[in-house]
Amino acid sequence: SQQGEEDPQALSIQEGENATMNCSYKTSINNLQWYRQNSGRGLVHLILIRSNEREKHSGRLRVTLDTSKKSSSLLITASRAADTASYFCATVLNTGTASKLTFGTGTRLQVTL
Amino acid sequence: DGGITQSPKYLFRKEGQNVTLSCEQNLNHDAMYWYRQDPGQGLRLIYYSQIVNDFQKGDIAEGYSVSREKKESFPLTVTSAQKNPTAFYLCASSIYRNTEAFFGQGTRLTVV
């Protein structure tokens, strides 16, 4: 089963509105990351938040992390049509000498004009 | 140009045949990963490797094999034991533990 579950599975908003996506995970983590994927392409890293951080900002992105609830949220403010994509959270857990990077199920975001 | 390259972009395989997907990076990254993505689904981890000659099974390793003989290369073999191999395969790398991953553009494998 997937480590992370995103909610909602799909989200449709109008340009200028804010988009919020949530991620829940199952195990302890070293950090949590958010990625974006345009259809049929590779993923692009957006932001990383460490397990001892609670909030992080990058441009129009705001990420929160609540390790007690094993959950994170990604907020995209003032959305644009170009933000249309799938968004995935990913957790990192160190396993011996390696880091296991595990992805969630994703949220498909549609931003309309 | 630095980056991570997957080849080929599209691959067709007959049932019962093994096939190897290539993943090469010139970023001098230590860690490399292989994922499988089915339509409308998330990414599922197949194998990952932190250093040369060492790799770990991910969540869906059955029917797959990998090698890490060189730091820059992490090929994935889809064997005939993989019951449903048709999928989009993504390779990624990161400079070391706990850092962001960079992805290739993927290989779409179809079994005919």
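Below, chain A is the first sequence line, B the second, and so on; all start at residue 1.
When the candidates B/Ala101, B/Cys91, B/Gly104 are compared by the number of heavy-atom contacts under 4.5 Å with chain A, B/Ala101 comes out ahead. Heavy-atom pairs under 4.5 Å with chain B were tallied for A/Val44, A/Leu43, A/Leu46; the largest tally goes to A/Leu43. Contact tally against chain B (heavy-atom pairs below 4.5 Å) for A/Thr97, A/Asn30, A/Leu93: the top residue is A/Thr97. The candidate from A/Arg50, A/Gln37, A/Arg108 with the greatest count of non-hydrogen atom pairs under 4.5 Å with chain B is A/Gln37.
Heavy-atom contacts from other residues, nucleotides or ligands closer than 6.0 Å to CZ of B/Arg97 number more than 12. Atom CZ of A/Arg54 is surrounded by more than 12 heavy atoms from other residues, nucleotides or ligands within 6.0 Å. Around CD of A/Glu55, the count of heavy atoms belonging to other residues, nucleotides or ligands within 6.0 Å exceeds 12.
Looking at A/Leu101, both its backbone and its side chain come within 4.5 Å of chain B, counting heavy atoms on both sides. Neither the backbone nor the side chain of A/Gln9 comes within less than 4.5 Å of any heavy atom of chain B. Using a 4.5 Å cut-off between heavy atoms, B/Ala31 makes no contact with chain A at all. Contacts between B/Thr99 and chain A at a heavy-atom distance below 4.5 Å involve the backbone alone (N, CA, C, O). The contact between B/Glu100 and chain A is made by backbone and side chain atoms together, counting heavy-atom distances below 4.5 Å. No part of B/Asp30 comes within reach of chain A, as not one of its non-hydrogen atoms sits under 4.5 angstrom from that chain. Residue contact with chain A, scored on non-hydrogen atoms closer than 4.5 Å, involves the side chain of B/Gln37 exclusively. In this structure, chain A has no heavy atom under 4.5 Å from any part of B/Phe55.
Atom-to-atom distance recorded for A/Ser99:OG and B/Tyr48:OH is 8.5 Å, nearest 0.5 angstrom. Interatomic distance, A/Phe103 CZ to B/Tyr33 OH, rounded to the nearest 0.5 Å: 9.0 Å. Rounded to the nearest 0.5 angstrom, B/Asn98 CG and A/Gln33 CD are separated by 8.5 Å. Going from atom NZ of A/Lys100 over to atom CG of B/Asp59 covers 4.0 Å, rounded to the nearest 0.5 Å. Taken to the nearest 0.5 Å, the NE2 atom of A/His45 stands 10.0 Å off from the CZ atom of B/Phe103.
A/Trp34 and A/Val92 fall into different hydrophobic clusters, where Ile, Leu, Val, Met, Phe, Trp and Tyr are joined by side-chain heavy atoms under 4.5 Å apart, directly or via other members. Neither B/Val111 nor B/Phe88 shares a network with the other; the hydrophobic side chains, linked directly or stepwise wherever heavy atoms of I, L, V, M, F, W or Y lie under 4.5 Å apart, form separate groups for each. Hydrophobic clustering (ILVMFWY, side-chain heavy atoms < 4.5 Å, transitive): B/Tyr35 and A/Tyr35 are in one cluster. Note on A/Ile49 and A/Phe88: separate hydrophobic clusters, where clusters join Ile, Leu, Val, Met, Phe, Trp and Tyr whose side-chain heavy atoms are under 4.5 Å apart, directly or indirectly. Cluster membership check: A/Ile76 shares its hydrophobic cluster with A/Leu11, using side-chain heavy-atom separations under 4.5 Å among Ile, Leu, Val, Met, Phe, Trp and Tyr.
Shown here for A/Ala98 and B/Gln56, the closest heavy-atom pair between the two residues is CB-OE1, 3.4 Å.
Counting heavy atoms from C-beta outward, A/Thr95 and B/Gln50 have side chains that stay 4.5 Å or more apart.
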